[in-house]
There are 2 protein chains.
Amino acid sequence: MSRAITPDANTAVQAPGEASLPNGPATGGDSDDLIELLFFAYRDFVGDPDRILAQYGFGRAHHRVLHFVDRYPGLTIAELLDILRITKQSLNRVLKDLIDQGYVEQQTGTSDRRQRLLFCTPSGRALTADLTRVQVRRIVRALDAPAEEDETEGGRGTRAASAQDFLLAMIEPAERAAIRRLMARRATVRA
Amino acid sequence: MSRAITPDANTAVQAPGEASLPNGPATGGDSDDLIELLFFAYRDFVGDPDRILAQYGFGRAHHRVLHFVDRYPGLTIAELLDILRITKQSLNRVLKDLIDQGYVEQQTGTSDRRQRLLFCTPSGRALTADLTRVQVRRIVRALDAPAEEDETEGGRGTRAASAQDFLLAMIEPAERAAIRRLMARRATVRA
DNA sequence: TGAGATATGTCAACAACACTGACTTATCTT
DNA sequence: AAGATAAGTCAGTGTTGTTGACATATCTCA
């Protein structure tokens with residue numbers, strides 16, 4: 001465990017500017033929180049598989065390829081490029097790794113022999129299953145988590161509340177408190 | 001608009017392996033979809049600000065710094081490092097850009113003069129507001145979107161359904177159909 | 001059949017953003 | 001005064017993205 005996110009000595013010095021509105025009209029108070037929660041949730045969400053991938057010398061790019069090839073066997077290169085939104089050259093670099101090390105196989109298309117259909121090998125499926133497992137675990141835990149007892153639940157609508165619950169529950173439990181404290185600090189500063 | 005995500009000629013060649021379970025016990029059927037939706041949603045979510053940032057010669061790293069400094073004025077370097085989970089060297093590179101170009105200011109700590117408290121300048125706040133605006137717009141749209149009329153809503157629980165609704169609605173509308181089609185393809189292949 | 005389009009692969013150079021390791025300077029704590 | 005802590009910096013490296021330019025195999029259509 002590293003340092004805590006929350007401060008103690010730095011008691012919110014006032015910024016030398018305007019006194020921002022208390023959840024102004026177009027500001028979308030809930031949305032501001034969601035932006036941040038999305039950041040933290042996604043960070044932890046990809047952090048889990050990252051640790052596994054590192055043991056294989058792979059990165060996130062490899063993960064994405066593995067995931068989509070595993071889930072949509074027979075995917076073509078063009079389709080994969082379109083899903084990932086990266087260039088052919090970027091894809092090829094990681095795809096080559098996966099093929100060379102026997103996690104993915106190519107198969108010449110039947111109807112169009114120019115195409116290379118992609119499939120996971122058994123070891124590719126096994127690795128992907130490992131990666132999926134840790135992500136599913138986190139998601140299931142987030143879905144099963146009890147709803148937050150939100151003190152200040154004004155008239156925002158429950159959609160925002162449940163999105164917030166979900167994302168907050170996606171965050172690594174050990175850090176949730178720190179993040180809650182951080183986000184509470186905002187209310188202190190801008191009020 | 002580029003190519004469509006969905007295929008037509010490649011009619012799901014059967015992968016030469018096991019016949020995967022139809023939403024097996026520990027597999028977490030909903031979660032598999034959520035993994036993918038999280039990928040697409042996050043991709044589009046950060047895509048909006050990316051376009052704005054590019055006009056300033058900034059990247060995502062700059063965005064993250066701006067966001068947190070704007071939201072938590074007076075943040076110290078150590079706190080920011082802990083939030084972003086990057087190294088001091090990585091942070092310094094982008095922070096220097098932001099300071100040199102007048103978007104962020106440093107202020108020596110009052111109680112501890114070793115600290116450098118970070119604040120957005122007016123232009124920093126303006127830029128951040130721009131970035132926040134497009135992200136809030138997407139989130140608000142997602143929260144306001146009507147719930148999906150899910151055909152196959154078994155006994156999964158509504159938590160998963162609303163998380164799915166939210167993430168799907170976060171995806172760029174023009175691409176939602178393609179992604180739905182892609183994900184439908186999975187059911188075809190593994191069934 | 002032959003021309004042009006398409007699917008894929010590859011070389012080379014470059015940029016953004018992360019990392020490690022090693023130090024320096026200023027300031028606080030004890 | 002000694003050691004810890006906050007911040008800044010230099011130098012080198014790795015992953016993953018980008019352009020631009022081509023090469024090869026295959027398909028489509030006139």
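Remember, predicted model here, so these are calculated numbers, not experimental data. Sequence lines set the chain letters: A, B, ... in the order given, protein chains first and strands last, and positions in each chain run from 1. Side chains are part of it too, since the values below use all heavy atoms of this structure and drop only hydrogens, waters and symmetry mates.
For A:Phe39, the ring pair (Phe, Tyr, Trp, His ring centres under 6.0 Å) partners two or more places apart in sequence, or in a different chain, are B:Phe68. Remark: B:Tyr103 engages B:Phe58 in a ring pair (Phe, Tyr, Trp, His ring centres under 6.0 Å) (not counting sequence neighbours).
Heavy-atom distances under 4.0 Å link DNA chain D to B:Lys88, B:Gln89, B:Asn92, B:Lys96 of residues 87-102 of chain B, given in residue order.
Considering only the side chain of B:Gln115, D:dA6 comes nearest among C:dA18, D:dG8, D:dA6.
Look at B:Gln106 and you won't find any side-chain N or O under 4.0 angstrom from OP1 or OP2 of D:dA7. Of the side-chain N and O atoms in A:His62, one or more sit less than 4.0 angstrom from OP1 or OP2 of D:dT16. The phosphate of D:dG17 has OP1 or OP2 within less than 4.0 Å of a side-chain N or O from A:Arg64.
Atom CZ in B:Arg43 sits roughly 12 Å away from atom P in D:dG17 (whole-Å rounding). Counting to the nearest Å, the P atom of D:dG17 and the CG atom of B:Asp50 are 13 Å from each other.
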Polar atoms only, N or O, under 3.5 Å: list the protein pairs with nucleotides 26-30 of chain C and their distances.
from   : atom 1 : to       : atom 2 : distance (Å)
C:dT27 : OP1    : B:Arg113 : NH2    : 3.4
C:dC28 : OP1    : B:Arg113 : N      : 2.9
C:dC28 : O4'    : B:Arg114 : NE     : 3.4

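Overall, the helix from C:dT1-D:dA30 to C:dT30-D:dA1 carries an axis bend of 30° between its ends, with five pairs at each end and the value rounded to 10°.
Taking for each of A:Thr108 and A:Ala61 the nucleotide of DNA chain D with the nearest heavy atom, the 5'-most of the two is the partner of A:Ala61.
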Residues 44-57 of chain B side chain polar contacts: donor-acceptor under 3.5 Å, at least two apart:
from    : atom 1 : to       : atom 2 : distance (Å)
B:Asp44 : OD2    : B:Glu172 : N      : 2.8
B:Asp48 : OD1    : B:Arg51  : NH1    : 3.3
B:Asp48 : OD1    : B:Arg138 : NH2    : 3.0
B:Asp48 : OD2    : B:Arg138 : NE     : 2.7
B:Asp48 : OD2    : B:Arg138 : NH2    : 3.0
B:Asp50 : OD1    : B:Arg60  : NE     : 3.3
B:Asp50 : OD2    : B:Arg60  : NE     : 2.9
B:Asp50 : OD2    : B:Arg60  : NH2    : 2.8

